[in-house]
Amino acid sequence: MYYLGIDLGGTNIAAGIVDENSKILLKGSVPTMANRDGKLIIKDMAELCKKLVSDMGLTIDDIEYAGIATPGTANSDTGVVEYANNLPFVNFPIADLLKEYLGVKKVYIENDANAAAKAEAIAGAARGAKYSVMITLGTGLGGGIVIDGKVYSGFNHA
């Protein structure tokens with residue numbers, strides 16, 4: 001099984017193909033150019049993912065799902081970024097748009113700091129720990145908390 005992991009940042013969009021063991025098989029990035037229409041950002045994200053899939057000798061049908069780590073208030077239940085202060089996203093249907101542009105079966109979203117915390121708990125420095133805290137520093141500053149093996153999203157996904 002193969003999965004697409006996408007880190008949407010204010011400066012760059014990074015993506016990678018991973019296997020069921022969380023091993024990164026191939027990765028790439030493109031500039032975000034965050035001051036333009038959000039749909040153009042997602043189109044670039046889809047094109048990057050298509051290139052990686054092609055470079056691996058796969059098709060989109062080989063991808064089980066894609067996950068987007070996004071800045072801002074990410075409603076993982078609806079796939080909507082409710083607000084991001086460094087991207088043009090207000091009630092922005094990021095998951096549906098990527099599904100449309102990429103053709104992947106399922107797209108999940110999570111706040112980028114929460115996604116980093118979960119990734120460390122699954123495959124990184126906090127692997128095996130039931131409780132952990134992650135601080136992120138990039139274009140912005142964030143943090144994520146894992147309690148009893150689950151990301152704590154706080155009030156209203158914020």
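Nothing here was measured: the structure is a model prediction, and the numbers come from that model. All residue numbers refer to positions in the sequence shown, counting from 1.
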### Task
Could you tell me whether the side chain of T32 and the main chain of N12 form a donor-acceptor pair under 3.5 Å?
yes
### Query
Members other than M33 in its cluster, when Ile, Leu, Val, Met, Phe, Trp, Tyr link by side-chain heavy atoms under 4.5 Å?
none
### Query
So do the side chains of I42 and I94 get within less than 4.5 Å of each other, counting heavy atoms only?
yes
### Query
Which distance, rounded to the nearest 0.5 Å, do you find between the CG of N35 and the CG of N86?
11.5 Å
### Query
Are V80 and F92 connected in a single hydrophobic cluster, I mean Ile/Leu/Val/Met/Phe/Trp/Tyr linked by side-chain heavy atoms less than 4.5 Å apart?
no
### Message
Please find the pair of heavy atoms, one from L141 and one from L137, that lie closest to each other, and give the distance.
### Response
CD1-CD1, 4.2 Å
### Task
Sequence neighbours left out, what passes ring-ring contact (aromatic ring centres under 6.0 Å, His included) with Y3? Give chain and number order.
Y65
### Task
Each residue besides M134 in its hydrophobic cluster should be listed here, by chain and number; the cluster joins Ile, Leu, Val, Met, Phe, Trp and Tyr at side-chain heavy-atom distances under 4.5 Å.
none
### Query
Do side-chain atoms of D19 reach the backbone of N21 as a donor and acceptor pair under 3.5 angstrom?
yes
## Note on the structure
Closest non-hydrogen contact found for V81 with P71 is CG1-O, 4.0 Å
### Query
CE/M45 to CG/L8 distance, rounded to the nearest 0.5 angstrom?
4.5 Å
#### Entry: Cluster check L102, L58: I/L/V/M/F/W/Y, side chain < 4.5 angstrom
yes
### Query
When rounded to the nearest 0.5 angstrom, what is the spacing between CG in L52 and CG in L25?
10.5 Å
### Task
Over all heavy atoms of both residues, which pair between I13 and I41 is shortest? Give the atoms and the distance, please.
CD1-O, 3.8 Å
### Task
Report the residues that fulfil side-chain contact (heavy atoms from CB on, under 4.5 Å) with S153, sequence neighbours left out, ordered by chain and then residue number.
E110, N114, V151
#### Entry: Residue pair A123 / S22: nearest heavy atoms and the distance that separates them
CB-CB, 3.8 Å
### N/O donor-acceptor pair under 3.5 Å between N111 side chain and A74 backbone
no
### Task
Would you indicate whether I147, at its atom CD1, is surrounded by more than 12 heavy atoms from other residues, nucleotides or ligands within a distance under 6.0 Å?
yes
### Query
Does M1 belong to the same Ile/Leu/Val/Met/Phe/Trp/Tyr cluster as Y108, with side-chain heavy atoms less than 4.5 Å apart forming each link?
yes
### Query
Which salt bridge (charged side-chain N to carboxylate O under 4.0 Å, His left out) pairs, counting each pair once, include a residue from residues 140-158, with sequence neighbours left out?
K130-D148
### Query
Rounded to the nearest 0.5 Å, how far does OG of S132 lie from NZ of K118?
9.0 Å
### Task
First locate atom CG of L97, then atom NZ of K43, and finally report the distance between them rounded to the nearest 0.5 Å.
9.5 Å
### Query
Are any of the side-chain heavy atoms of V53 and M56 separated by less than 4.5 Å?
no
### Query
Which residues satisfy the salt bridge (charged side-chain N to carboxylate O under 4.0 Å, His left out) test with R36, sequence neighbours excluded?
D44
### Message
I'd like to check the salt bridge (charged side-chain N to carboxylate O under 4.0 Å, His left out) partners of K50; sequence neighbours left out, ordered by chain and number.
### Response
E47
### Audit row: V18, L4, side chain to side chain contact (heavy atoms under 4.5 Å, CB included) steps and yes/no
CA-CA 6 Å; V18 299; L4 281 165; over 6 Å; no
### Query
Who else is in V90's hydrophobic cluster (ILVMFWY, side-chain heavy atoms under 4.5 Å, direct or via others)?
Y83
#### Entry: Any pair counted as salt bridge (charged side-chain N to carboxylate O under 4.0 Å, His left out), so long as it reaches residues 52-74, sequence neighbours left out
K51-D55
## Note on the structure
One should read off an interatomic distance between I68 CD1 and L98 CG, to the nearest 0.5 angstrom, of 4.5 Å
### Task
Identify the heavy atoms of A95 and I109 that sit nearest to each other, and give their distance.
CB-CG2, 4.1 Å
### Query
Which residue pairs pass the salt bridge (charged side-chain N to carboxylate O under 4.0 Å, His left out) test when at least one of the two sits in residues 80-109, sequence neighbours left out?
none
## Note on the structure
Sorted by chain and residue number, the side-chain contact (heavy atoms from CB on, under 4.5 Å) partners of D37 (sequence neighbours excluded) come out as K39, L40
### Message
For Y152, give me all partners under ring-ring contact (aromatic ring centres under 6.0 Å, His included), at least two apart in sequence or on another chain.
### Response
none
### Task
For residues C49 and A15, report the shortest heavy-atom separation together with the two atoms involved.
SG-CB, 4.2 Å
### Task
Assess whether atom OH of Y2 is packed by more than 12 heavy atoms of other residues, nucleotides or ligands within 6.0 Å.
no
